Every structure is written in C-alpha cells, then in structure tokens.
Amino acid sequence: MIPPLTVRMARAGNPHGTAAMWVRDRLDGLFMDADFADWYPADGRRGLSPAVLALVSVLQYAENLTDRQAADAVRCRLDWKYRLGLELDDPGFDFTVLSEFRARVAEGDRADRLLVLIVDRLVEAGLVKRRGRIRTDSTHVLAAVRRLNRAELVAETLRCALEELALQGEGWLAAVVAPDWADRYGRPVRYDRLPRGGDALIAWVLRVGEDGLHILRAVYHGDAPPGLRELKSVQLLRQVWVQQYAARAAAEDPDAGPERAEEQQLAAAICHPRRLRGHGV
C-alpha cells in the first residue's frame, strides 16, 4: 500500500506518470521479501527490505545511475517513493548497501533464480512472452554480474593494501608504484567508475592483477622493510590474488597439480569487497 500523501504528491508532480510509477502500477508484486528468505540469516536484527533493494537496483540500472545517485533518488524523488511505497519523509539508506546487495546476488545461483523469477512475473503480468532465448540471454546477464563483482573485489583489495603500506612505509611505496596508480586506486572503486564493455573490463581486471603481483613481489623481496608482508591487508591481497587469478588459472587447466584443491579452499574464504571492511575499506 502506497501512503496516500505520497500518491497525491507523486501524481501532482507527474500527472502522466514516470517509468518508476508505471512499474508500480503494472508490477506491484515484482519482488517480495519472501523471495529472498534464504539470502539472509533467520535470526539477528532485521535489516532493509531485500525486495526494496532489488527494485532500487532495477530502477538504478534503467536510469544508469551510480549507487550514490540511486540512494539520493530513494530519498528525494517522488516517483521513486511512489514505486517503493515509501512515506515522503522516509530517509532511505546509505548508498554502500547497494553494492552489498549486488554481492549477495552474485553468490551461487541466486542471480539465475532471481532472473527466472523476474521473467515468470513479467509473463504473468502479460508484459513479455516466454521464448526459448530467455535462458540463453540470462547466462550473459550472470556473466556480466560476476565480472563486475570480481573487478570491484580485486581493485578494492589492492587499494586497501596500498593504503596500509603507505602508512607503514610511505617512502618505500613511492619508489615501487607507478604515477598512474593514483588514478586507478586513489579513491574507492565503484562499478560506475569501471570500464564499460566486457573486453575493456577484463583487460582492466588483468591490469589490476599485474599491479597487485608487482606489489606482492616487492613486499616479499629481501630489501623490503621488515613487517610489511605481515600486514593484514597484504596477507589479504595475497589470498585474493590466489582466489581470483591463480585458482582461476588452475581451474581452467585440466593438468593442474594437487595444490589446486588448497587454492580452491582458500578461494572460499573471501567472495566480495564488503567483507574487507575490517581491513580499512
């Protein structure tokens, strides 16, 4: 149920409606919290509605907004409040919640199941016809989500390590990094700042991988200041690089040795950037 005042204000400001309002009118039940029941622990403090976060993510993609812009739209735009069923004074949420939600979407087969759910409800609403290509097209969507989360993870991990290394050995680090690293790692990595297009994104992830390997080699070199390799962020960098680069290469190599199982166990320890919060991100 949309609050009556929200309905009046949204209709007054948008008499012909907007895309967000049309989605509410035609697809009121696109997502429900029950659809995400197995995504969150059953106990603990209740958080934000996952159905709302899913809807915001859809609107965000449709309007090509950054996380911060999408969070601002939830807080400020009448048509978004109409679509989400919010009171006019609802404060919304912090923009970082959206990247955390995307990370949950990318775990296991959740994205696949969510996409099937969307298609089923679009069919029920009479907005699309079920065709054989739907499943094929979904694989491209899932691949894009996974590439995106991988790019955020590796870049944020390296940025975290660089920040701690700068605190512990600024002079040493200045001699190790290249001048253009400030552009890549000088501020938090968000999906809206990443290269567009699959090939460009893959090339960027490989570039980050080379940079991270360069840092690891320098840290573990004999002339590096003592203690740098023991920093938590450096240990995390090493683990993530095993997960995202060495383990992936081993998985693609049918002749990989017995160390592959150990690498895959290590890969399970870290799966998205928000888990780096305890390390300064």
Side-chain angles (χ1 to χ4, degrees), residues 1-37 39-40 46-106 110-131 134 137-138 140-142 144-145 148-149 152 190-194 196 274:
M1 177 69 69
I2 309 174
L5 183 57
T6 300
V7 174
R8 290 199 301 271
M9 295 296 291
R11 290 297 183 191
N14 305 279
H16 300 293
T18 67
M21 296 169 69
W22 298 333
V23 171
R24 174 71 189 220
D25 295 339
R26 296 294 302 273
L27 287 169
D28 186 16
L30 179 58
F31 300 116
M32 293 175 285
D33 285 343
D35 299 327
F36 308 89
W39 291 30
Y40 298 87
R46 179 176 174 80
L48 294 168
S49 163
V52 167
L53 294 177
L55 286 168
V56 171
S57 298
V58 170
L59 296 174
Q60 175 186 7
Y61 178 81
E63 298 192 21
N64 193 30
L65 302 179
T66 67
D67 286 354
R68 191 183 296 274
Q69 289 170 336
D72 288 343
V74 173
R75 184 169 54 256
C76 302
R77 283 179 50 177
L78 291 173
D79 59 334
W80 279 44
K81 288 184 180 293
Y82 178 97
R83 175 57 192 96
L84 301 172
L86 302 177
E87 297 283 356
L88 294 180
D89 60 353
D90 189 292
F93 49 77
D94 187 82
F95 72 95
T96 58
V97 172
L98 292 171
S99 63
E100 294 174 352
F101 181 75
R102 286 197 303 275
R104 290 184 184 273
V105 172
R110 288 174 176 174
D112 198 4
R113 290 188 284 122
L114 188 59
L115 190 59
V116 171
L117 176 67
I118 294 172
V119 171
D120 287 343
R121 290 182 178 160
L122 289 172
V123 171
E124 291 172 3
L127 297 177
V128 299
K129 294 181 179 179
R130 190 181 299 279
R131 300 179 185 274
I134 288 177
D137 292 343
S138 72
H140 296 293
V141 175
L142 299 178
V145 170
L148 187 61
N149 278 271
E152 287 182 311
R190 303 285 182 247
Y191 83 99
D192 53 287
R193 300 173 186 160
L194 297 173
R196 301 299 184 187
R274 293 298 110 195

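Quick caveat: nothing in here was measured; it's all calculated off a predicted structure.
- Applying the salt bridge (charged side-chain N to carboxylate O under 4.0 Å, His left out) rule to R77 yields the partners E63, D79; only residues at least two apart in sequence or on another chain are considered.
- With sequence neighbours left out, W22 forms a ring pair (Phe, Tyr, Trp, His ring centres under 6.0 Å) with no residue at all.
- In this structure, Y82 OH and N14 CG are separated by 10.5 Å, a value rounded to the nearest 0.5 Å.
- With sequence neighbours excluded, no residue satisfies salt bridge (charged side-chain N to carboxylate O under 4.0 Å, His left out) with E87.
- For the atom pair CG (D89) and CG (L5), the distance works out to 9.0 Å, reported to the nearest 0.5 Å.
- Within a 6.0 Å sphere centred on CZ of R113, heavy atoms belonging to other residues, nucleotides or ligands number more than 12.
- Between atom CG of residue D120 and atom CG of residue L115 there is a gap of 9.5 Å, rounded to the nearest 0.5 Å.
- The side chain to side chain contact (heavy atoms under 4.5 Å, CB included) check on L59 picks up A20, W80, R83, with sequence neighbours excluded.
- Closest approach of G92 and D90 over heavy atoms only: N-OD1, 2.8 Å.
- With sequence neighbours excluded, the residues that form a side chain to side chain contact (heavy atoms under 4.5 Å, CB included) with L78 are M9, A10, L88.
- Annotation: the span from S49 atom OG to L86 atom CG amounts to 9.5 Å, rounded to 0.5 Å.
- Counting heavy atoms from C-beta on, the side chains of L98 and F93 come closer than 4.5 Å.
- The two residues G85 and P3 have their closest heavy-atom pair at O-CD, 3.6 Å.
- Under the side chain to side chain donor-acceptor pair (under 3.5 Å) criterion, R8 pairs with no residue, sequence neighbours left out.
- Using a 4.5 Å heavy-atom cutoff, the side chains of R121 and D35 are in contact.
- In this structure, CG in L84 is found 8.5 Å from NZ in K81, a value given to the nearest 0.5 Å.
- Between P50 and Y40 the shortest side-chain heavy-atom distance falls below 4.5 Å.
- Here the CG atom belonging to L114 is positioned 5.0 Å from the CH2 atom belonging to W39, to the nearest 0.5 angstrom.
- V58 places a side-chain heavy atom less than 4.5 Å from the side chain of F31.
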